[in-house]
Amino acid sequence: MENKVRILLEKALLNAQEKGLLTLPEVPAIALELPKEKGRADLSTNVAMILAKKLKVPPGLVAKAIVENLPNDNHVIEKVDVAGPGFINFFFFNEFFQETLREISSGIQKPTPKVSQKGEKILLEFVGANPTGPLNVVNARAAALGDTLARLFEVTGDHAEREFYVNDEGSQIENLARSVEARYLELDGKTIPEFPEDWYAGEYVKDLAKFIRDGFPKPEIFGTEGKKIYGESIFTKERLALLREGFKDKLFTKISDEKTRLQFLARTAVIYMVNSQRSVLERFRLVFQSWFFQSQLGDSVDKSIAVLKEHGHIYEQDGAIWFRSTTFHDDKDRVLIRQDGRPTYFSADIAYHAYKKKRGFDRLIDLLGPDHHGYIARTKAAIQALGYPEDTLEIYLIQLVTLMSGGKPLRMSKRAGEFITMEELLDEVGIDAARWYFLNRHRDTHLEFDLDLAKLQSDENPLYYVQYAHARIASILRAASEQGVKLASASSIDLTPLVHAAEKELIKKMAQIPSIIRLAAESREPHHLTRYAVELARTFHSFYTECRVLGDPSEKKVSQARLFLVASCKKVLAEILGLMGISSPDKM
RNA sequence: GCGCCCGUAGCUCAGUUGGAUAGAGCGACGGCCUCCGAAGCCGUAGGUCGGGGGUUCGAACCCCUCCGGGCGCGCCA
């Protein structure tokens, strides 16, 4: 719908230019919108005002020149007027609405791929939780966002891959291993010292120790994934057998060297944690195409540092190796190799981003947690220092989530182990509701997640409002087939009975889907989808109240046309919910 | 102290990148089921867009400043 109008407008602009009424440096991007107040126009544009500014001509004159030069032999525009400060308002022929509906239904009205690009290969890195504990609600928010973004990119003609980065090296992993070891000793009846602050005190660590002692519920993951990631020197035949049967009291005798033991415990813990994270994500209907472990970087950390050195971005000071990130607008330079010779997390991250680039991705998108704020500038600096354009890396922060219950925020203290995990959230509110509420808000606003509202299966919950529209249509379709009213195909259906204002409103709303999808994809802001879904559902419910689909047998043509209309609307609702990974029930 | 984010209806939030009389959901109030699902529809009330200044035909949006809230500022990850 918008595209047709856009083409007419472009022609009008060119016509006006030929006549010398306007001088255009280039054809501007034309924004079309549904006026807030309905009845004012079917569609309107502010292009005259945009041009007026550029050309320094009164908007009214520009609008007049455009309107007078619209091709008049079209079957689209019935009426056009200029209003307010220079808006051009269009009213369309019924025929144009009917044609638009036919296109929507046959899938022609999909978002057209970007004009300027053929389609990019995009790598989306998100969730990226440490394998030191269960996923939390911010991880869940990132999961919903990243998954939906990936799906949006696929629809708009790009290719997106979802990747989960596992930080399986470093001091936090060592702390995890020590925590597991301590719990193991505790099971042995030994008294253990109080945990230092940076150890892990959660229940899951006790579970982990118990599994190592008594045998894992799914030991096969160590033989497959464990061996693949960490090799047979870690997961030897003997150790695999012990993980299956349980080490009982033999952990310290079988692996007497402390360093080896801690490494083994760390690797075991990571494989276990990663698998439990993965299963929660799968329950959330999110499958990552790839899981990348920091330990797999190998010598590429040294290599990428060598590249930076070649470009002259490295220096040595106080016994450490530094990256001069201030060259690229970071506040301060960053350490890559510590005094003690160990690389920092950041240097691994540089190697990781270099590796992503080497795999041939045109664009890297990272969704990070709110505590990674400081990483944006330095990572972007690194990308540039490696010789890539700055804008091929996009980093977005996902802000905090506060869970509300009974009108009060739930206290989330990680130290005391009192935090709600992603799994508990899913138990509590379900997958559809969790996804909906995460996607419903702009990513960088702190999200207040009202557990009571999300759980509520009633009219107060916008998710059910939208799903109800879908179920209601399904119900009409069931009734239609019982009454023998057949749903005609897009090519054979007679749509001329569709002339009612409510019908046209619904078609207009449905026709918006391509531009909504493009907006959400290009701005990386999926919250436009939930808004649109509510609007579409509302327009449908409104139509439903005003127009009967089934009924009067003498009006069979009307019934059939309306049936076609609602069936198409059902498709659009399902498409938008599907993009968000939310189900479209036929019955509720 | 420095940097980033936020401040819009009683509550939770949109606002398509500077455009029409600032919108939606929930909550409040008033109507609508002999008929396809009332988990619905229609209507009413509700605003100094945190305050002030500036830029221009025009500002919730851009600039400056102040106030309030959050987060970050490790040779942790």
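Convention: sequence-line order gives letters A, B, ...; per-chain numbering from 1.
Contacts of Asn89(A) with the nucleic acid, taken as non-hydrogen atoms under 4.0 Å apart, include base atoms. Arg342(A) comes within contact range of no nucleotide atom at all, as no heavy-atom separation falls under 4.0 Å. If you check every strand for non-hydrogen atoms under 4.0 Å, Ser475(A) touches a base. If you check every strand for non-hydrogen atoms under 4.0 Å, Gln172(A) touches a base. As judged by a 4.0 angstrom heavy-atom cut-off over every strand, Ala320(A) is placed among the base-contacting residues. At the heavy-atom level, Tyr375(A) lies under 4.0 Å from base atoms of the strands shown. Looking at heavy-atom distances under 4.0 Å, Glu169(A) makes contact with sugar-phosphate atoms alone, never a base. Counting any heavy atom pair closer than 4.0 Å across all strands shown, Lys332(A) reaches sugar-phosphate atoms only and no base atom. Across all strands, Phe346(A) comes closer than 4.0 Å to no nucleic acid atom at all (heavy-atom distances). Among the heavy atoms of the strands, none lies under 4.0 Å from Ala480(A). Contact annotation for Asp340(A): no contact, since no heavy-atom pair falls under 4.0 Å across all strands. Nucleic acid contact for Asn130(A): sugar-phosphate only, since backbone atoms but no base atoms lie under 4.0 Å from a heavy atom of the residue.
When Watson-Crick and G-U wobble pairs are counted only if both distances are under 3.5 Å, U55(B) pairs with no nucleotide at all. Nucleotide G37(B) forms no Watson-Crick or G-U wobble pair with any nucleotide shown, as no partner meets the under 3.5 Å limit on both distances. The base-pairing partner of G25(B), taking Watson-Crick or G-U wobble contacts with both distances under 3.5 Å, is C11(B). With a 3.5 Å ceiling on both atom-pair distances, the Watson-Crick or G-U wobble partner of G3(B) is C71(B). G30(B) is paired with C42(B) under the criterion used here, namely a Watson-Crick or G-U wobble arrangement in which both key atom distances are under 3.5 Å. Across all strands shown, C49(B) forms no Watson-Crick or G-U wobble pair with both distances under 3.5 Å.
In this structure, Arg178(A) pairs ionically with Glu174(A), as a charged nitrogen and a carboxylate oxygen lie closer than 4.0 Å. A salt bridge does not link Asp42(A) with Lys504(A): none of the charged nitrogens is closer than 4.0 Å to a carboxylate oxygen. The residues Arg518(A) and Glu525(A) are annotated as not salt-bridged, no charged nitrogen and carboxylate oxygen being separated by less than 4.0 angstrom. Looking at Lys356(A) and Glu125(A), a side-chain N of the basic residue comes within less than 4.0 Å of a carboxylate O on the acidic one, giving a salt bridge.
Rounded to an integer number of Å, the gap from Tyr464(A) OH to C26(B) P is 15 Å.
Summary of the strand contacts: Asp333(A) and Ile516(A) both lie near RNA chain B, and taking for each the nucleotide with the nearest heavy atom, the more 5' one is attributed to Ile516(A). Along RNA chain B, the nucleotide nearest to Leu519(A) and the one nearest to Met49(A) differ in position, and the one closer to the 5' end is contacted by Leu519(A).
Looking only at distances, no side-chain donor or acceptor of His470(A) sits under 3.5 Å from a matching main-chain atom of Leu573(A).
Put simply, Ser542(A) has a side-chain N or O that comes within less than 4.0 Å of OP1 or OP2 on C42(B). Between Tyr465(A) and C41(B) there is a side-chain N or O to OP1 or OP2 distance below 4.0 Å. For Arg478(A) and G37(B), the shortest distance from a side-chain N or O to OP1 or OP2 is not below 4.0 Å. Look at His442(A) and you won't find any side-chain N or O under 4.0 angstrom from OP1 or OP2 of C5(B). Look at Thr530(A) and you won't find any side-chain N or O under 4.0 angstrom from OP1 or OP2 of A24(B). Residue Arg338(A) has a polar side-chain atom (N or O) positioned under 4.0 Å from OP1 or OP2 of A77(B). Regarding contacts with the backbone of G25(B), a side-chain N or O of Arg538(A) is found under 4.0 angstrom from either OP1 or OP2.
With P as the reference atom, G7(B) and U16(B) are 13 Å apart, rounded to whole Å. Spacing between A60(B) and G15(B) at atom P, rounded to whole Å, works out to 16 Å. Going from the C1' atom of G46(B) to that of G51(B) covers 22 Å, rounded to whole Å. Across the P atoms, U8(B) and U12(B) are found 8 Å apart, a figure rounded to whole Å. Across A14(B) and A9(B), the matching P atoms stand 12 Å from one another, rounded to whole Å.
Cation-pi geometry between Arg524(A) and Tyr396(A) is not met at under 6.0 angstrom from the ring centre and within 45 degrees of the axis. Cation-pi geometry between Arg378(A) and Phe346(A) is met: the NZ or CZ atom falls under 6.0 Å from the ring centre, inside 45° of the normal.
A donor-acceptor contact under 3.5 Å is not formed by the side chain of Thr132(A) with the base of A77(B).
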